[in-house]
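The structure under discussion appears below in the form of structure tokens.
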Amino acid sequence: DFATGVNNSATAEGTSPSGTKITDKSDSGNPNDPNETGTAGDAAGSDPTGLIMPAISVVKSSGTPSPLPLVAGTSKIVYTFVLKNTGNVDLTTVTLTDTKLNLNNVTIAPGSLAVGASATYTAEYTISAQNITDGVISNDATATGKPTDKNGTVIPNVTDPVGKSSSGNPGDPNAGPINSDGSPSGSTNTNLETPKLSVVKTSSISDNPAKVGSVVTYTYLVKNIGNV
């Protein structure tokens, strides 16, 4: 039904005072029927009703941070967003919102999407010191559009479709990660791997003051100060 619409017809019957039975179909396919309600090309006995099913999806991916190793305020990540009209009507005023990237209802060129069409948008994010400390960047993107008819006119009383890059729905191929308690996190996580080591060397001598034959002992403390 979603793909083809709903096809049905109605039949009315009545009996005249003289006992004559009469019937009429809502779509008889008879061009001589004065009560014909169908349109040219409709199958006889069928009144097709189209179903308006607007839908939009957005898939977000992140590139490799650059430059490496990470430097707060300098290293950047490029995010790529692919928006697609997955419904059965055209969409206009297609916009994208991602608060982490300071994107607020940004119009995505060309501004409209025909049924099945896609558009790509890229945005850059500068990595902060807190991001490096956390080892992850969590954010989410939302896409919207306005359903329109073949003339590009917004269809009234039809809810604008909304797509999220992380729905939290395990059945959604674009869904985001799940929290440890099994609940949806509602965000897309980009891991920042920052391997880093520190080494501290200390020394001690067996004799004080030192003399020929004194032994010097060195101690090394190696510590993982990265996030992997």
Side-chain angles (χ1 to χ4, degrees), residues 1-12 24-29 35-62 79-101 103-123 138-179 182-189:
D1 287 346
F2 291 157
T4 61
V6 178
N7 289 278
N8 68 331
S9 64
T11 301
D24 190 67
K25 281 190 174 182
S26 61
D27 187 0
S28 65
N35 300 320
E36 176 64 51
T37 60
T39 57
D42 286 349
S46 174
D47 278 321
T49 302
L51 297 179
I52 299 174
M53 299 293 294
I56 190 171
S57 69
V58 54
V59 178
K60 180 177 64 175
S61 58
S62 59
Y79 287 92
T80 301
F81 305 84
V82 178
L83 292 75
K84 183 177 182 179
N85 181 347
T86 56
N88 63 2
V89 292
D90 293 345
L91 299 174
T92 60
T93 318
V94 177
T95 63
L96 177 70
T97 295
D98 188 325
T99 55
K100 191 78 171 182
L101 276 60
L103 304 177
N104 185 23
N105 290 324
V106 175
T107 299
I108 304 302
S112 61
L113 289 175
V115 174
S118 299
T120 301
Y121 182 82
T122 58
S138 298
N139 64 324
D140 194 27
T142 302
T144 60
K146 291 189 176 298
T148 59
D149 60 21
K150 293 181 179 180
N151 297 320
T153 303
V154 174
I155 302 173
N157 303 320
V158 177
T159 303
D160 296 350
V162 176
K164 297 193 76 175
S165 62
S166 176
S167 65
N169 177 2
D172 181 354
N174 303 321
I178 303 299
N179 293 327
S183 62
S185 70
S187 63
T188 301
N189 294 333

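A distance-only check finds a donor-acceptor pair linking the side chain of Asp149 to the backbone of Asn151 [under 3.5 Å]. For Thr93 (side chain) and Lys146 (main-chain N/O), no donor-acceptor pair under 3.5 Å exists by modelled atom type.
Screening Asn85, Ile56, Val58, Val106 for a side-chain contact (heavy atoms from CB on, under 4.5 Å) involving Val94 leaves a single residue, Ile56. Under the side-chain contact (heavy atoms from CB on, under 4.5 Å) rule, Ser112 has a single partner from Asp90, Thr92, Thr148, which is Thr92.
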- Give the C-alpha distance, both sets of side-chain angles, the deciding distance and a yes or no for side chain to side chain contact (heavy atoms under 4.5 Å, CB included) between Lys164 and Asp140. CA-CA 7 Å; Lys164 297 193 76 175; Asp140 194 27; 2.9 Å; yes
- Message: Apply side-chain hydrogen bond (donor to acceptor under 3.5 Å, both in side chains) to residues Asp160 and Thr144 and explain how you reach the verdict.
- Response: CA-CA 7 Å; Asp160 296 350; Thr144 60; over 6 Å; no
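The two residues Gly111 and Thr107 come nearest to each other via the heavy atoms CA-CG2, 4.1 Å. When all heavy atoms of Pro161 and Ala55 are compared, the closest pair comes out as CB-CA, 3.6 Å. Scanning both residues, Ala109 and Ala119, for their nearest heavy atoms gives O-CB, 3.6 Å.
Interatomic distance, OG1 of Thr95 versus OH of Tyr121, reported as 11.5 Å (0.5 Å rounding). Rounded to the nearest 0.5 Å, atoms CG (Asn139) and CG (Asp98) are 4.5 Å apart. Atom CG in Leu103 sits 5.0 Å away from atom CG in Leu101 (nearest 0.5 Å). To the nearest 0.5 angstrom, Thr142 atom OG1 is 9.0 Å from Lys60 atom NZ. Rounding to the nearest 0.5 Å places OG of Ser118 at 15.0 Å from CZ of Phe81. From Leu96, atom CG reaches atom CD1 of Ile108 across 4.5 Å, with rounding to the nearest 0.5 Å.
Side-chain contact between Asn104 and Thr99 is absent, with no heavy-atom pair separated by less than 4.5 Å.
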